[in-house]
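Below, chain A is the first sequence line, B the second, and so on; all start at residue 1.
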There are 2 protein chains.
Amino acid sequence: MQTLNLTPPRKAVLQVIQVATDHPTATEIMDRLNQQGQRFAYASIYNSLRYLAEHGMIQELNLGNGVTRYDGRLAEHQHLICRRCGAVMESTAAVPLDFIAGIEKETGFRVEQSDVRFVGLCPTCWAELAAHRVRPG
Amino acid sequence: MQTLNLTPPRKAVLQVIQVATDHPTATEIMDRLNQQGQRFAYASIYNSLRYLAEHGMIQELNLGNGVTRYDGRLAEHQHLICRRCGAVMESTAAVPLDFIAGIEKETGFRVEQSDVRFVGLCPTCWAELAAHRVRPG
DNA sequence: TTTCTTGCAAAACATTTGCAAATCG
DNA sequence: CGATTTGCAAATGTTTTGCAAGAAA
């Protein structure tokens with residue numbers, strides 16, 4: 001299982017994720033495929049998602065709410081989730097290496113992958129709250 | 001709704017979470033209550049969990065696998081998840097302030113809460129893998 | 001009484017699985 | 001042929017909801 005076997009459902013699922021500007025769920029991927037006239041079984045969607053994730057083509061995200069979301073961006077990036085409107089923004093800032101090194105030294109754990117989620121207020125919601133009170137909280 | 005109303009199920013759920021050394025799921029909390037002879041409905045467990053989380057008494061965790069876990073520790077700490085045995089370790093190292101400041105400057109997002117998850121190998125699994133090959137992957 | 005809380009059963013979702021049919025090399 | 005993949009339907013597991021009954025203010 002060395003080479004990538006991009007069967008039709010896998011290719012279709014991958015294309016939806018790569019074209020998306022958000023982080024679609026399995027259901028949303030299904031919907032978008034249907035809108036394109038492509039029809040697959042849920043089992044095939046999930047099979048494809050697992051396959052693509054295992055082969056490093058996409059990333060699984062747990063942004064909360066118990067639904068798995070998918071991301072076609074492979075380079076390291078962090079997710080910023082607005083607690084007010086739910087918008088998800090991204091930052092390309094890398095997790096500081098000395099932060100990781102310190103944790104490895106402290107715990108003996110070997111960090112391979114970082115998954116950082118910041119919750120707070122997006123610029124829009126921040127501005128809207130600021131318009132109502134002096135100290136948005 | 002200013003003061004904390006710790007009804008029996010809420011108090012029982014909170015006690016289970018605070019006593020736990022792991023990060024139990026709703027089902028595990030239910031099981032532990034049953035073992036103590038206490039019986040509540042699932043709806044009451046979930047109601048209590050939502051109430052306690054909204055009132056800052058506990059933290060909801062998404063450590064993966066689509067199940068919500070709960071943590072009674074309120075001070076900032078990070079979770080280290082072993083990709084081999086599933087163990088969850090913790091580190092008290094704080095997310096570097098300049099990391100957050102940089103992201104806020106870059107994006108305009110206002111960070112209120114950090115949620116950092118490191119995936120990798122716990123010391124035990126790391127050692128076991130090292131025993132088998134020179135460069136554990 | 002008015003409001004909040006509990007608990008049961010049913011519902012709502014997300015995800016997985018069993019298995020037969022289809023596909024591919 | 002032999003291995004892999006698809007697709008359907010059913011099962012699984014978690015969490016939510018509707019609503020009647022109970023407790024508290």
Nucleotide dG7(D), atom P - distance to OH of Tyr51(A) in whole Å: 16 Å
Would you mind reading off the distance between Met30(B) atom CE and dT16(D) atom C1', rounded to a whole angstrom? 14 Å
Take the protein atom CG of Leu4(B) and the nucleotide atom C1' of dC4(C), then report the distance between them rounded to whole Å. 14 Å
Between dA21(D) (C1') and Asn47(B) (CG): distance, integer Å: 15 Å
Closest of dA14(C), dG7(D), dT15(D) to the Val67(A) side chain is dA14(C)
Check the distance between dT6(C)'s P and Leu52(B)'s CG and give it to me in whole angstrom. 10 Å
Could you check how far CZ of Phe40(B) sits from C1' of dG22(D), rounded to whole Å? 15 Å
I'd like to know if Asp31(B) pairs up with Arg39(B) as an ion pair, taking the criterion as any Lys NZ or Arg NE/NH1/NH2 lying under 4.0 Å from an Asp or Glu carboxylate oxygen. no
Does a nitrogen or oxygen in the side chain of Thr27(A) sit under 4.0 Å from OP1 or OP2 of dC13(C)? no
Is the shortest side-chain N to carboxylate O distance from Glu60(B) to Arg50(B) below 4.0 Å? no
Mapping Arg10(B) and Tyr42(B) to their closest nucleotides on DNA chain C, which lands nearer the 5' end? Arg10(B)
Interatomic distance, Tyr70(A) OH vs dT15(C) C1' [rounded to whole Å]: 9 Å
Which part of the nucleic acid, if any, lies within reach of Thr68(B) when heavy atoms closer than 4.0 Å are counted: base, sugar-phosphate only, or nothing? sugar-phosphate
Within the structure, does a side-chain N or O atom of Tyr46(A) lie under 4.0 Å from either OP1 or OP2 of dT16(C)? no
Identify whether Ile45(A) and Met57(A) are in the same connected component of the hydrophobic contact network (ILVMFWY, side-chain heavy atoms under 4.5 Å). yes
Would you say Thr7(B) places a side-chain N or O within less than 4.0 Å of OP1 or OP2 belonging to dA23(D)? no
Ring-plane angle category for Tyr51(B) and His55(B), please: parallel below 30°, perpendicular beyond 60°, tilted otherwise. parallel
Sugar-phosphate only, base, or nothing, as touched by Pro9(B) at under 4.0 Å among non-hydrogen atoms: sugar-phosphate
May I ask you to evaluate whether Asn5(A) reaches the phosphate of dT5(D), defined as a side-chain N or O under 4.0 Å from OP1 or OP2? yes
How close or far is atom P of dA14(C) from atom CZ of Arg69(A), stated in whole angstroms? 10 Å
Salt-bridged, Asp115(B) to Arg83(A), with N to O below 4.0 Å? no
